[in-house]
Amino acid sequence: MNTRSMTRVGIMAGVTAVLAWVAVPLPFSPVPLTGQTIGVMLSGLLLAPREAAASQTVYLLCGALGLPVFSGGRSGLGILMGPTGGYLLGFIPGALVCSAITGSAQRGAGRESLSPLYAAVLGVVVGGVVVVDLLGVVRLAQVAQISIGKALAVGVVPYLVGDAIKCIVTVAAWAKLRHLRQ
Amino acid sequence: MRMPSVIVGQYIPGDSLLHRLDPRTKIMLSLAIVVALFSVHSQWSYMMIGVLVLVAVAASRVPFKMVVRGLRPIVFILLLTFMLHLFMDPGEELFVVWRLRATREGLALGLTTAARLILLIMATSLVTLTTSPIVFTDGLEKLLNPFRVIGLPAHELAMMMTIALRFIPTLLEETDKIMKAQMARGADFDSGGLITRAKAMIPILVPLFVSAFRRADELAVAMEARCYRGGAGRTRMRQLRLGALDAIAAVGVVAYLTAAVVLF
């Protein structure tokens, strides 16, 4: 990994932490719109797959060592090991998958492949929502010893509207930032 | 915007037994406790591990209040899990509230699950309460070092963590500045419908990422200009050393945990 990748990865981990604190209150839900997963998705959209995965690994490690970088200023190994830790651990494969999907569209440009916009939408939905929620629900069910169905009902369904909004915001921001990807 | 103390995190400076342990010992022992918590099922085992965690809290001289504060984020999930078990698990009827049947088995499983969660959080947050982020990063690099043979970049990870730590306050300030600059141009982050509020995030995100990438590239140039060439051959100002205290703690805790798992 060259120095330029390392600094980009480190700073994207920092940006994810900052976004976790930007909370937009929603009128209809007790859970605010937090930017944490926007950081995950934009890492995936703007970095190479290895770098994207590394940036989220670094982010989680920063949280694990006690810096209040998770949403709501939470931190500590306990949060990672706890019932909602699966969502956080899902950030690593999530960013990786998002980057792999969008990267393949960029390389295939000109040939018969997905247009970059569709690839970005597909990337954020699959990487940022499906992968993250999948790991989150499995871990929630395991730690809380409840069925997958119940875990889905408490851990995914209430957040779907927020996730959709975040995906739209992310893709809109990506459209203006895509030149940053090398 | 809330701005928790980023530099020190949860770390509470001190000179207790736990503070003096090597970070590697603390990380590995807290993982051992987590593994033990997931491999036991009897309430006696939970009680034994609970005693161990309480002894560790006492040995850390961290105010008990601070340890309990670490539990606040999971209060809701704790209650929800307990209720789900109490009212949804099949078994012998205990009492009925409206149309919900509480069962004896549900009560038992709900209590043990709650105990497991509480001990999990307490054991792991003790590590972060007694280890400063810089020392933690050093310990982590040392722990991950053996995995270099399978291609895990231990030094690079530690360096990237240090970069993230260094730049979080800067980026936070930057975000604040961008928000104020956009507000001066008439941006409104606190009113309007859902779509308006979500859209208001875009003029923050775009400048934030542009400036973050610029900073990253400038930092890379600065590091290379100072001959940064990775971890190979690096010397350190602070050396980590494993002492007698670490050996005693490791042997004692592992023996105790083994007993807790095997005995019941």
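Residue numbers begin at 1 in each chain, while the letters A, B, ... track the order of the sequences. Worth saying up front: this structure is predicted, and the values here are computed from it rather than measured.
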Below 4.5 Å from any heavy atom of chain A, which atoms of B:Ser30 appear? Answer side chain, backbone, both or neither.
side chain
Sort B:Leu31 into side chain, backbone, both or neither according to what part of it lies under 4.5 angstrom from a heavy atom of chain A.
side chain
Can you measure from OG1 (A:Thr7) to CD (B:Glu218) and round to the nearest 0.5 angstrom?
10.5 Å
Heavy atoms only, distances under 4.5 angstrom: which of B:Gly139, B:Ala123, B:Pro203, B:Ala164 has the most pairs with chain A? Name it, please.
B:Ala164
Distance from A:Met81 atom CE to B:Leu37 atom CG, nearest 0.5 Å?
11.0 Å
If one checks every heavy atom of B:Ile204 against chain A at 4.5 Å, the contacting part turns out to be neither
How long is the gap from CG on B:Asp217 to CZ on A:Arg4, to the nearest 0.5 Å?
3.5 Å
Within residues 123-135 of chain A, the residues sitting under 4.5 Å from chain B by heavy atom, in sequence order, are none
Which region of B:Leu208, side chain (C-beta onward) or backbone (N, CA, C, O), has a non-hydrogen atom less than 4.5 Å from a non-hydrogen atom of chain A, or is it both or neither?
side chain
Measuring heavy-atom distances to chain A, does B:Phe209 have an atom under 4.5 Å in its side chain, in its backbone, in both, or in neither?
both
Between B:Met223 and chain A, with a heavy-atom cut-off of 4.5 Å, which part of the residue counts as in contact: side chain, backbone, both or neither?
side chain
Can you tell me how far the CG atom of A:Asn2 sits from the CD atom of B:Glu224, to the nearest 0.5 Å?
7.0 Å
Do you know which two heavy atoms are closest between B:Ile163 and A:Met6, and how far apart they sit?
CD1-O, 4.1 Å
Do B:Val206 and A:Trp174 touch side chain to side chain, with heavy atoms closer than 4.5 Å?
no
A:Leu60 portion near chain B, given a 4.5 angstrom heavy-atom threshold:
neither
Contact class of B:Leu117 relative to chain A, heavy atoms under 4.5 angstrom
side chain
Bottom line for B:Arg214: the part with an atom under 4.5 Å from chain A's heavy atoms is neither
Contacts of type ring pair (Phe, Tyr, Trp, His ring centres under 6.0 Å), residue A:Phe91, not counting sequence neighbours:
none
Can you tell if the side chain of A:Leu19 reaches within under 4.5 Å of the side chain of B:Leu205, non-hydrogen atoms only?
yes
Between chain B and each of A:Ala13, A:Pro83, A:Ala54, count heavy-atom pairs under 4.5 Å; write down the option with the most.
A:Pro83
Please flag which part of B:Val210 lies under 4.5 Å from any non-hydrogen atom of chain A: side chain, backbone, both or neither.
both
Value for NZ (B:Lys199) from CD1 (A:Ile165), rounded to nearest 0.5 Å, stands at 12.5 Å
A:Ala17 versus chain B, heavy atoms under 4.5 Å apart: side chain, backbone, both or neither?
side chain
If you count heavy-atom pairs under 4.5 Å with chain A, which of B:Arg229, B:Arg215, B:Met161 comes out on top?
B:Met161
May I ask you to check whether over 12 heavy atoms, not counting those of B:Phe147, lie within 6.0 Å of atom CZ?
no
Value rounded to 0.5 Å, distance of CE in A:Met12 from CG in B:Leu171:
10.0 Å
Pairs of heavy atoms under 4.5 Å with chain B: top-ranked of A:Leu140, A:Val143, A:Leu46:
A:Leu46
Side chain to side chain contact (heavy atoms under 4.5 Å, CB included) filter on B:Thr113, not counting sequence neighbours, yields A:Gln145, B:Thr81, B:His85, B:Leu109
Can you name the residues that form a salt bridge (Lys or Arg N to Asp or Glu O under 4.0 Å) with A:Lys176, not counting sequence neighbours?
none
